[in-house]
Amino acid sequence: MSFPLLTATAALPAIGAIATAAVPAARRTAAKWLALLVSLATLALAVVVLVRFDPDGDRYQLTESHSWIKDFGVRYELGVDGIAVALIALTALLIPFVILAGWHDADPLETHSSRWRPTQGFFALILGVEAMVIISFEATDVFLFYIFFEAMLIPMYFLIGGFGDRAHAGSDEHAAAQRSYAAVKFLLYNLAGGLIMLAAVIGLYVVAGNFSLQEIAEARANGSLDMATNTERWLFLGFFFAFAVKAPLWPLHTWLPNAMGESTAPVAVLITAVVDKVGTFAMLRFCLQLFPEASKWATPAILVLALISIIYGALLAVGQRDIKRLVAYASISHFGFIIMGIFAMTSQGQSGATLYMVNHGISTAALMLVAGFLITRRGSRLIADYGGVQKVAPVLAGTFLIGSLATLSLPGLAPFVSEFLVLIGTFARYPVIGIIATFGIVLAALYTLVLYQRTMTGPVKPEVSAMPDLKVRELVVVAPLIALLIFLGVYPKPLTDIVNPAVKQTVSDVHKKDPKPEVEAAK
């Protein structure tokens, strides 16, 4: 029996979470180093998965299958395609940077030394989220996926509600109430989506007789499993609703600005760059494969919702006064592009959407973590409290600028390639939607450049005149992300080679072919 590589990749951070939580109370530094080492070891396993995966091989590779709950047909089934491999690599890559960036976020407060902030718990929860996200990307049993899709809400709830923004260190009861409100809203929205999905999972079992994604998809393809049209549509809506909440898609998005605004910057990155990707990934893996006809039926409505997310999120980002809420609304706009690319039903659109998931994770992590360093120094999230930072902290300002330019998809940086492919793929089949979506790019340029201008340029405000530049630990966090943004912007081929074969198979699942370009014959 071969080594269970996928199980090990998910189990290692889970075991590390338990070990980190068990570190004695006085050994905070040891807990931090243990969590960091576990995250690096998980990254090493993710690299092995990446190396062993053959893009031209079987659709699902490194598979594992064991009987679990035999009476209900539930199996422990894992397998990865190119899309899952890319997102596992993204998750494993970001977690060490999240841990390093949040190195002091759970230390005891100096002004309240008698109060204990559970440092061990903070890093254990981060590792726990990593484990659940990775196994969600690996699961090919629908019930197994559902368990971890829902279970990741528990550690995220405590990370949002229990570890607030450092700008609120020693804050009053109002700030604590705001954190509690954000955490509860996050939990309720996602639980509502999960409960509806549970009903759809049960319905799928009644219709198909098992939970195996591969068996059900194969039965749909060869005609041995024929769902009634209305049944397929209702099941699709049950799955899609849960994924749209997680994504988040307008109008199910309202939990995200609260959650990101009240979280520490590393936890905000965990939310939007890691956890939310499970929603868009699941649309590709489950909605399109299990319910191809219903996916085509719902496409027009979903594209309209995605378009609203793009424009609405960008417009609200323009008007924000809070740095972290601005990034949150920008992310809503970006997720609109991802969902639009998925349901354009073209290989360019879905390839761009998959690349967008990876590139958005890297660019948002870079921007949000630098913003977190900035907020920690000044003690405020308000844009108006800054000015002239580039004169006193040029390296911080420079990295902030690159993160901002990546957010607006500047050519030469990684998000440009993915956004371009999404628009090309959408325009090929839905030109009106593609044209309107381009206005989101214009608005992105407005909110990111205005953010940089108001915080980094102009006269130096007295409150930032003594602001220190990035330290070595912070540079170690930011520099690799900036390097990746540039590398993948100039040379995205290593990533496209991995995801494109899986994308083509996904497009074939819904029996769609790329439309041929209409070129007027030369006269």
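The figures that follow rest on heavy atoms only: side chains count, while hydrogens, waters and symmetry mates do not.
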Q: Check the pair Phe163 / Phe123 against ring pair (Phe, Tyr, Trp, His ring centres under 6.0 Å), numbers first and verdict last.
A: CA-CA 11 Å; Phe163 301 91; Phe123 293 102; 8.9 Å; no
**Q.** Distance-minimising heavy-atom pair for Leu485 and Ala406
**A.** CD1-CB, 3.9 Å
Q: Please tell me if the side chains of Tyr447 and Leu326 come closer than 4.5 Å, counting only heavy atoms from C-beta onward.
A: yes
**Q.** Step-by-step side-chain contact (heavy atoms from CB on, under 4.5 Å) determination, Met197 to Phe145
**A.** CA-CA 11 Å; Met197 181 182 170; Phe145 169 83; 3.7 Å; yes
**Q.** Lys246/Glu150 ion pair, N-O < 4.0 Å
**A.** no
Q. So do the side chains of Met456 and Phe400 get within less than 4.5 Å of each other, counting heavy atoms only?
A. yes
(Q) For the aromatic rings, using the six-membered ring if either is Trp, is the centroid distance between Phe335 and His360 under 6.0 Å? (A) yes
Q. Within the distance-only criterion (no hydrogens, no angle test), does the side chain of Gln120 pair as donor or acceptor with the backbone N or O of Pro24 below 3.5 angstrom?
A. yes
Q. Quick one: does Gln350's side chain have a donor or acceptor within less than 3.5 Å of a partner on Ile342's backbone?
A. yes
Q.
Could you tell me if the side chain of Leu423 sits less than 4.5 Å from the side chain of Ile441, heavy atoms only?
A. yes
Q.
What I want to find out is whether Glu463 reaches Arg377 closely enough, with some N-O distance under 4.0 Å, to be called a salt bridge.
A. no
Q.
Does any part of the side chain of Ile95, heavy atoms only, come nearer than 4.5 Å to the side chain of Thr42, both counted from C-beta?
A. no
Q: Would you sort out whether Phe281 and Phe137 count as a ring pair (Phe, Tyr, Trp, His ring centres under 6.0 Å), showing the intermediate values?
A: CA-CA 8 Å; Phe281 164 80; Phe137 291 142; 5.0 Å; yes
Q | Side chain proximity check, Asp276 to Ile271, heavy atoms < 4.5 angstrom | A | yes
Q: Determine whether Arg325 and Asn258 make a side-chain contact, defined as any pair of heavy atoms from C-beta on separated by less than 4.5 Å.
A: yes
Q.
Measuring only between side-chain heavy atoms, which start at C-beta, is Glu262 closer than 4.5 Å to Lys185?
A. no
Q) Just checking, is any N or O donor in the side chain of Ser333 or Tyr312 under 3.5 Å from an acceptor N or O on the other one? A) no
Q) Would the Phe243 and Phe149 ring centres measure less than 6.0 Å apart? A) yes
Q. Take atom CZ in Phe427; do more than 12 heavy atoms of anything else shown fall under 6.0 Å from it?
A. no
**Q.** Ala384 backbone acceptor or donor facing Lys461 side chain under 3.5 Å
**A.** yes
Q: Compare every heavy atom of Leu12 with every heavy atom of Val38, then report the nearest pair and how far apart it is.
A: CG1-O, 3.7 Å
Please table the atom pairs, donor to acceptor, closer than 3.5 Å between any side-chain atom in residues 388-398 and protein atoms at least two apart or in another chain.
unit_1: Gln390; atom_1: OE1; unit_2: Tyr452; atom_2: OH; d: 2.9
unit_1: Lys391; atom_1: NZ; unit_2: Gly458; atom_2: O; d: 3.4

Q: Answer yes or no: is there a donor N or O on one side and an acceptor on the other, between the side chain of Asn359 and the main chain of Ala414, under 3.5 Å?
A: yes
Q: Identify the two heavy atoms, one from Phe373 and one from Val478, that lie closest to each other, and give their separation to 0.1 Å.
A: CE1-CG2, 3.7 Å
Q | More than 12 heavy atoms from other groups under 6.0 Å of CZ on Arg473 | A | yes
Q) How close do Leu488 and Val417 get, heavy atom to heavy atom, and via which atoms? A) O-CG2, 4.2 Å
Q: Just say parallel, tilted or perpendicular for the rings of Phe337 and Tyr356, cut-offs at 30° and 60°.
A: parallel
Q. If every non-hydrogen atom of Leu90 is compared with every non-hydrogen atom of Met357, which pair is closest and at what distance?
A. CD2-O, 3.7 Å
**Q.** Arg454 atom CZ, over 12 foreign heavy atoms within 6.0 Å
**A.** no
Q. Quick one: does Ser404's side chain get under 4.5 Å of Leu367's, heavy atoms only?
A. yes
(Q) Restricting to non-hydrogen atoms, name the atom on Val422 and the atom on Gly352 that form the minimum distance, rounded to 0.1 Å. (A) CG2-C, 3.5 Å
Q. Do Thr407 and Thr448 have a side chain donor and acceptor closer than 3.5 Å?
A. no
